[in-house]
Amino acid sequence: MSATDTEFAPGKDVEVLDALIIGAGFNGLYQLYRLREQGFSVRVFDAGADLGGIWYWNCYPGARVDSHVPNYEFSMEEVWRDWNWTERFPGWDELRRYFHHVDKKLNLSGDVQLNTRVTAAEFDAQRGEWLVRSSDGRQTRARFLIPCMGFAAKAYLPDFPGLETFAGPCYHTARWPQDGLDMTGRRVGVIGTGASGVQVIQEAGKVASRLTVFQRTPMIALAMQQRRLDAQTRREMKKHYPEWFRQRAASSSSFFDVVADKRSALEVSEEERFEVFEAAWQKGGFHFWAGTFRDVLDNEAANLLAYEFWRDKTRARIKDRQTADKLAPMQPPHPFGTKRPSLEQWYYEVFNQDNVTLVDVREQPIQEITATGVRTAERLHELDVLVLATGFDSSTGGFTQIDIRGSKGTTLKETWVEGVRTQLGMAVPGFPNLLMLYGPQSPTAFCNGPTCAEVQGDWVVDCLCYLREHQCSRIEATEDAAEIWCRRIDEIAEQSLLPLADSWYMGANIPGKHRQLLYYPDVQEYMTQCRDSAAAGYVGFELR
Ligand code: N01
């Protein structure tokens, strides 16, 4: 985009707003609700055809949230009072219905423009406004630009030779056809065994005539312990909702009930350790990840004990010894929990079925995709359907795929070529009045969506109110503050086991992407720093 392309074009449809929000998921809708309540003129643009953000795009069979309710819902009583989940970990279709319920309660969709992809945004330094262009050809001016695009806005498609030649249906999990895809009786191939792969594999295993799974790294998948929620259970749970939401907002994990024991895994007896691990396992979900001992994610010896507990439980479910060695190896493929664990229901049993083949692509690399299947070094695996569960250019990809230009005309993509640098994960030097939610260098992937939408979202709303009250029209991160924030996150990474895995937390899943920890691991510690900055008049920002 050249400067002339973005110049105000008289006669063009130009709307002028206080804030333009990108994304109609939890973060974007919460911003709309709160900013509108405060009297700001606000609009949301979303590329999808429905509300829900990630839950619009991820509609592949088995797609389901990995954070149990009520952690994964808004805390406003008017919303939860008469909403009834049927499952502890709801599926994508129920989540979509939830978004419709939220819309009905908070009356949001009148200010949401769907099917509208933001293609470019440029800060007009003279007017102190963002000029935003969207796929419908419109231009919009807004004092503040608030991207709420989640961390998985840009799907990652590896550069497999011949990918475009595959003759049958071939979809990335996050670009699944909205009207579904029947895999019944077909030969299905799934590349990737992250959270999306695990979920598709569980469903494809039930119906495919043959399922071939291409695994590069074993997923250390945890027991979901899914449960249906009946009316009586829901009534009981709702009695505690207000207290649970308060606890959630004050927790380090963003879950009201996932709290690690203060002891080290190394200082207790074997029996005590087993009890703590087993109790967390039975609770299911992320309890075994973040809710056992304080040092499991920081100390290699403690971490290995958690891995061994998981490994022994998992191997007991896999009939064939060689398959067990691939899915749950005796030695950890990387420290436990340094890649996000997926939650599974019957994942490991799928590999006991006669119609399922596991291909280790480290031993048999994928050479090419042909019209009829996937050719590895050993043979051609013939397929009717190919599923790419290959993940995302997480966090930064959503931003760098849009032509976002700051006050000096430089894009975010150019600015971040040597790595991301932000103040508090919300603002970038040179990009005034751009306030990112659920973005890089904030808790994001270590914080479930609704919790962050509220705790981080309230900070942004308060900030805009403060600026209005103090007659400031501009806020910009300082270079020094961004430098300090970046160093702080690098230090946190160094003190943890996270750099030891090639994960998307570290940006290491995308060839050529700068390797750095992209997320702040402790939500409370993070929010304390945000609140301290605000209380002292927004330290680390320049206000004008
Ligand atoms: O993506 P991933 P995902 N050749 O990056 C493999 C959220 N989410 O979509 O590990 C062969 O985790 C790659 O292998 P490796 C959730 O936060 C949530 O599954 O890099 N394989 C890996 O196995 C989740 O963590 C839910 O060696 C290749 C896989 O593809 C996040 O989104 C559901 C390859 C990618 O796994 C991302 O999950 C779904 C190649 N060239 C997603 N390139 C919920 O439950 C990549 N892979 C809420």
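In this chain, numbering begins with 1 at the start of the sequence shown. In each ligand, atom 1 is the first atom listed, and ligand 1 is the first ligand listed. Worth knowing before you read on, the calculation uses all heavy atoms, side chains too, and leaves out hydrogens, waters and symmetry mates.
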Nearest protein heavy atom to [atom], by residue and atom, and its distance?
atom	value
atom 27 (O) of ligand 1	T217 OG1, 2.5 Å
atom 23 (O) of ligand 1	T193 N, 2.9 Å
atom 1 (O) of ligand 1	G391 CA, 3.1 Å
atom 9 (O) of ligand 1	S196 OG, 2.5 Å
atom 12 (O) of ligand 1	W504 NE1, 3.4 Å
atom 43 (N) of ligand 1	R216 NH2, 3.5 Å
atom 29 (C) of ligand 1	A389 O, 3.2 Å
atom 33 (C) of ligand 1	Y60 OH, 3.3 Å

Any luck finding a side-chain donor-acceptor pair between [X] and [Y] under 3.5 Å?
X	Y	value
K238	N84	yes
Q282	E278	yes
Q456	Y526	yes

- Task: Would you please classify the geometry between the W504 ring and the Y519 ring as parallel, tilted or perpendicular, with 30° and 60° separating the classes?
- Result: perpendicular
- Message: Over 60° means perpendicular and under 30° means parallel, so tell me whether W80 and F245 are parallel, tilted or perpendicular.
- Response: tilted
- Note on the structure: Closest to atom 6 (C) of ligand 1 by heavy-atom distance, out of P511, A152, A501, G192, is G192
- Query: Below 4.0 Å from any atom of ligand 1, is there a heavy atom belonging to K339?
  - Reply: yes
- Close approach of T390 to ligand 1, heavy atoms, under 4.0 angstrom: yes
[X] (side chain) donor-acceptor with [Y] (main chain) under 3.5 angstrom:
X	Y	answer
D325	M330	no
N352	K319	yes
S209	R186	yes

- Short list, please: which atoms of ligand 1 are under 4.0 Å from a heavy atom of R64? 44 (C), 45 (O), 48 (C)
- Query: For ligand 1, which atoms sit closer than 4.0 Å to a heavy atom of F151?
  - Reply: 17 (O)
Is there a polar contact between ligand 1 and [X], counting only N or O atoms under 3.5 Å apart?
X	answer
A195	yes
T173	no
N509	no

- Positive for side-chain contact (heavy atoms from CB on, under 4.5 Å) with F256, one of H240, R246, Q247: Q247
Of the backbone atoms (N, CA, C, O) and the side-chain heavy atoms from C-beta on, which set of [X] has a member under 4.0 Å from an atom of ligand 1: side chain, backbone, both, or neither?
X	value
F160	side chain
Q199	side chain
R362	side chain

- Message: I want to check something: taking the side chain as every heavy atom from C-beta on, are T212 and R187 in contact at a cut-off of under 4.5 Å?
- Response: no
- Query: When you measure from the centre of the six-membered ring of W416, is the NZ or CZ of R421 under 6.0 Å away and within 45° of the axis?
  - Reply: no
- Looking only at non-hydrogen atoms, find the nearest pair between V374 and I366 and report the distance. CG1-CG2, 3.9 Å
